[in-house]
Amino acid sequence: MSVPSYKRNESKIEYVYQSYNLVQFIANICTNKFSKKYTFYGVNKAYEFASKICECCVFANLTDVNKDYEKRLSYLQDAKKYLKCLSMQMNLISHYENKVTDNQWIKFTNDTDKLEKLINGVIKSDKSRQETLGV
């Protein structure tokens, strides 16, 4: 039996899915919205940051919170660091000649904010789980 939409909660691994979507979005912007001449002036770096965010989220999801809490926390914190770097990089390259629309910049900002909140929620949940276990 399905759960009514008003009773649904966000999945615990939504942050992995969101990070994957961010990589796809950045790849689309980097390949279709910027001139090729800017490839080596930060456009590739933006994709690398997005890819690292996704990697860290996947690694964190694959790490058992009960056995390797510190390692999982480290992956999540690294993802947040790369997220800040990505935001800075996108801000820098936004001044290049580009075809990115205002709506796409708004989507990028909203997506990164949502991903950061999801990661913070996972960190908080993991911390409370560790406290209840008495570790």
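Model, not experiment: these values are computed from the prediction.
Listed by chain and number, the residues in a side chain to side chain contact (heavy atoms under 4.5 Å, CB included) with Leu92 are Met88, Gln89 (sequence neighbours excluded).
In plain terms, the two heavy atoms of Leu83 and Thr112 that are nearest each other are CD2-O, 3.6 Å. Tyr75 and Cys56 make their closest contact through O-CB, 3.5 Å (heavy atoms, listed as atom of the first residue, atom of the second, distance). Gln104 approaches Phe25 most closely through the heavy-atom pair O-CZ, 3.4 Å. Shortest non-hydrogen contact noted between Ile93 and Ala46 is CD1-CB, 4.2 Å. Nearest heavy-atom pair, Tyr69 versus Gln130, reported as atom, atom and distance to 0.1 Å: CD1-CG, 3.3 Å.
To the nearest 0.5 Å, atom CG of residue Leu76 and atom CZ of residue Phe59 are 13.0 Å apart. Rounded to the nearest 0.5 angstrom, Ile123 CD1 and Leu118 CG are separated by 11.5 Å. Here the CD-CD distance, from Glu55 to Glu48, works out to 11.0 Å after rounding to the nearest 0.5 Å. The line from OG1 of Thr132 to NZ of Lys127 is 13.0 Å long, rounded to the nearest 0.5 Å. Note that SG of Cys54 and CD1 of Ile26 are 12.0 Å apart. Values are rounded to the nearest 0.5 Å. Between the CD1 atom of Ile29 and the NZ atom of Lys107 there is a distance of 8.5 Å, given to the nearest 0.5 Å.
We find that Arg72 and Asp68 are not joined by a salt bridge, their nearest charged nitrogen and carboxylate oxygen being 4.0 Å or further apart.
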In a table with atom names and distances, give each donor-acceptor pair under 3.5 Å that connects a side chain of residues 16-23 to protein atoms at least two apart or in another chain.
residue : atom : partner : partner atom : Å
Ser19   : OG   : Tyr15   : O            : 3.3
Ser19   : OG   : Val16   : O            : 2.7
Tyr20   : OH   : Gln24   : NE2          : 3.1

Note to self: Go through it in stages, so that I can follow the logic: the residues are Asn110 and Trp105, the test is side-chain contact (heavy atoms from CB on, under 4.5 Å), and I'd like the CA-CA distance, side-chain angles, deciding distance and then a yes or no.
What the structure shows: CA-CA 9 Å; Asn110 291 340; Trp105 287 119; over 6 Å; no
Check: So Asp126 and Leu73, side-chain contact (heavy atoms from CB on, under 4.5 Å) or not? Walk me through it.
Finding: CA-CA 8 Å; Asp126 289 354; Leu73 180 62; over 6 Å; no
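Residues Ile119 and Val65 fall within the same hydrophobic cluster, defined by Ile, Leu, Val, Met, Phe, Trp and Tyr side chains chained together at heavy-atom separations under 4.5 Å.
Between the Ser51 side chain and the Tyr47 main chain, no donor and acceptor come within less than 3.5 Å of each other. A donor-acceptor contact shorter than 3.5 Å links the side chain of Ser94 to the backbone of Asn91.
Two residues are said to be in side-chain contact when any heavy atoms from C-beta on lie closer than 4.5 Å; Lys80 and Asn120 meet this criterion.
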